[in-house]
Amino acid sequence: TLSHLPIFQTTFKDLPRVYEYWAFLKLADLLAGLTQHQLDKQEVLTLHGDHWQSQLTQGQAISLTFRSLTGPGTLKLWYNRSFLDLALGNQRPDILLEIKHAPEETPFWIFFDAKYRVHHVQGKWAAPTASLNQMHRYRDAIVTQIHPNMGPKEAQKAMAGVVLFPYPLDESTFAAHPQFLSLEKVGIGALPLRPGEPEATLLAGYISDLLNASVEALEEQLIHYRLSPQRIKPSD
């Protein structure tokens with residue numbers, strides 16, 4: 001249990017924050033189950049005397065590091081990591097997945113935002129459009145950064161952004177949704193993640209594809225995302 005979570009009585013105002021915490025832990029659980037990686041380092045719990053205390057607090061950067069059992073690669077899952085002094089201002093995505101195939105290689109970054117909101121647009125349940133636009137901002141702002149401690153090579157590996165939201169229907173129907181299809185087309189989109197559902201099949205499949213892809217395949221995916229706007233027909 002997370003000792004500092006509020007006990008809900010007459011208000012649900014903190015539910016979106018709890019959803020963020022849960023989404024972070026759910027992604028960590030998926031990473032542990034989908035790959036040949038084991039947890040190597042964690043900042044979620046700290047020992048205080050004879051009890052453990054959760055460090056999951058909105059605005060505080062913490063991470064979980066998973067080390068590959070079959071090679072030199074690592075996965076790092078961040079909560080509330082901040083990117084400061086960017087051209088478009090400071091950015092702080094809810095969750096950041098960092099995929100690194102070898103110590104000397106630049107990691108690939110995938111941003112996640114957990115939004116406990118659902119909109120009904122043109123007859124479809126959807127993640128809020130503003131949240132999707134925010135993912136574009138995260139990727140574009142961070143991809144262009146030049147930071148004293150982080151060269152432009154590393155910054156250019158910011159590749160995708162995903163909004164996680166509690167889609168109210170059977171998640172299999174979301175596979176034909178424009179927000180799901182846009183993930184493949186431009187690397188920005190949405191995936192269902194609803195508490196109480198036994199499996200997050202689409203999210204698990206998305207992560208599994210990323211983790212099983214080679215460095216070359218991820219590089220090609222990056223190029224595809226960046227060139228896709230140039231493929232739009234003039235008539236469109």
Side-chain angles (χ1 to χ4, degrees), residues 5-6 8 10-30 56 58-59 77-83 88-97 109-143 158-210 221 224-225 228-229 231-232 236:
L5 291 185
F8 299 113
T10 59
T11 176
F12 288 92
K13 66 179 182 179
D14 291 315
L15 197 54
R17 185 183 304 175
V18 177
Y19 181 70
E20 276 186 25
Y21 297 157
W22 174 78
F24 172 74
L25 296 173
K26 182 67 175 178
L27 280 168
D29 184 53
L30 287 174
L56 263 179
Q58 194 172 45
L77 191 68
W78 286 91
Y79 177 73
N80 275 186
R81 176 175 174 179
S82 296
F83 295 87
L88 297 180
N90 299 339
Q91 306 293 331
R92 190 177 64 197
D94 290 344
I95 303 167
L96 168 65
L97 173 60
W109 291 339
I110 297 91
F111 308 104
F112 295 89
D113 251 21
K115 298 298 181 188
Y116 200 69
R117 294 197 301 273
V118 182
H119 286 191
H120 198 254
V121 182
Q122 297 179 348
K124 296 179 183 292
W125 294 105
T129 302
S131 300
L132 291 171
N133 292 338
Q134 187 178 47
M135 302 313 293
H136 279 284
R137 187 177 76 243
Y138 284 150
R139 186 174 67 176
D140 294 344
I142 295 170
V143 79
M159 65 179 297
V162 184
V163 176
L164 304 173
F165 77 112
Y167 182 63
L169 305 180
D170 187 319
E171 73 161 39
S172 63
T173 65
F174 197 74
H177 197 286
Q179 291 183 344
F180 177 79
L181 299 176
S182 70
L183 271 178
E184 181 178 356
K185 185 177 181 181
V186 298
I188 301 291
L191 286 169
L193 186 63
R194 190 174 74 192
E197 287 294 297
E199 295 180 1
T201 307
L202 293 179
L203 176 59
Y206 176 74
I207 292 175
S208 181
D209 289 344
L210 284 171
Q221 212 167 333
H224 169 76
Y225 293 157
S228 57
R231 298 192 182 100
I232 297 175
D236 296 336

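With contacts defined as side-chain heavy-atom distances shorter than 4.5 Å, the pair M135/V162 does not qualify. Counting only heavy atoms from C-beta outward, the side chains of Y167 and V118 never approach each other to under 4.5 Å. Put simply, the side chain of D113 does not reach to within 4.5 Å of the side chain of S131, judged on heavy atoms. In this structure, P178 and K124 have side chains that are in contact, with non-hydrogen atoms separated by less than 4.5 Å. Counting heavy atoms from C-beta on, the side chains of D29 and L25 never come closer than 4.5 Å. At least one side-chain heavy atom of Y225 sits less than 4.5 Å from a side-chain heavy atom of M159. Counting heavy atoms from C-beta outward, Y206 and L210 have side chains that approach closer than 4.5 Å. At least one side-chain heavy atom of F24 sits less than 4.5 Å from a side-chain heavy atom of L56.
Atom CG of D170 and atom OG1 of T201 lie 9.0 Å apart (nearest 0.5 Å). Between K115 atom NZ and F165 atom CZ the span is 13.5 Å, to the nearest 0.5 Å. Summarising the geometry, atom CG belonging to L191 is positioned 5.5 Å from atom CG belonging to L203; distances are rounded to the nearest 0.5 Å. With values rounded to the nearest 0.5 angstrom, I188 atom CD1 is found 11.5 Å from R137 atom CZ. In this structure, OG in S182 is found 6.5 Å from CG in L132, a value given to the nearest 0.5 Å.
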### Query
When you look at I95 and L27, which way does the side chain to side chain contact (heavy atoms under 4.5 Å, CB included) test go after all the steps?
CA-CA 9 Å; I95 303 167; L27 280 168; 3.8 Å; yes
#### Entry: Candidate pair F111 and W78, rule ring-ring contact (aromatic ring centres under 6.0 Å, His included), full reasoning
CA-CA 10 Å; F111 308 104; W78 286 91; over 10 Å; no
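Of the possible polar contacts, one joining the R194 side chain to the P168 backbone as a donor-acceptor pair under 3.5 Å is found. Using a distance-only test at 3.5 Å, with no hydrogens or angles considered, a donor-acceptor pair links the side chain of Q179 to the main chain of A127.
Taking the six-membered ring where tryptophan is involved, the planes of H177 and F174 are essentially parallel, since the angle between them stays under 30° and well short of 60°.
Looking at D94, L96, L164, L77 one by one, the single match for side chain to side chain contact (heavy atoms under 4.5 Å, CB included) with F112 turns out to be L164.
For the pair L202 and A175, the tightest heavy-atom approach, listed with the atom from each and the gap, is CD1-N, 4.1 Å. Looking at every heavy atom in both residues, P166 comes nearest to Y19 through N-OH, 3.6 Å. Counting all heavy atoms, side chain and backbone alike, H224 lies closest to E184 at NE2-O, 3.3 Å. Minimum heavy-atom separation, R139 to A158: CG-O, 3.5 Å.
At a cut-off of 3.5 Å, with distance as the only test, no side-chain donor of Y116 or E20 sits close to an acceptor on the other residue.
Under a cutoff of 6.0 Å and an axis angle of 45°, R17 and W22 do not form a cation-pi pair.
Among residues two or more places apart in sequence or in another chain, the ring pair (Phe, Tyr, Trp, His ring centres under 6.0 Å) test is passed with W125 by H120.
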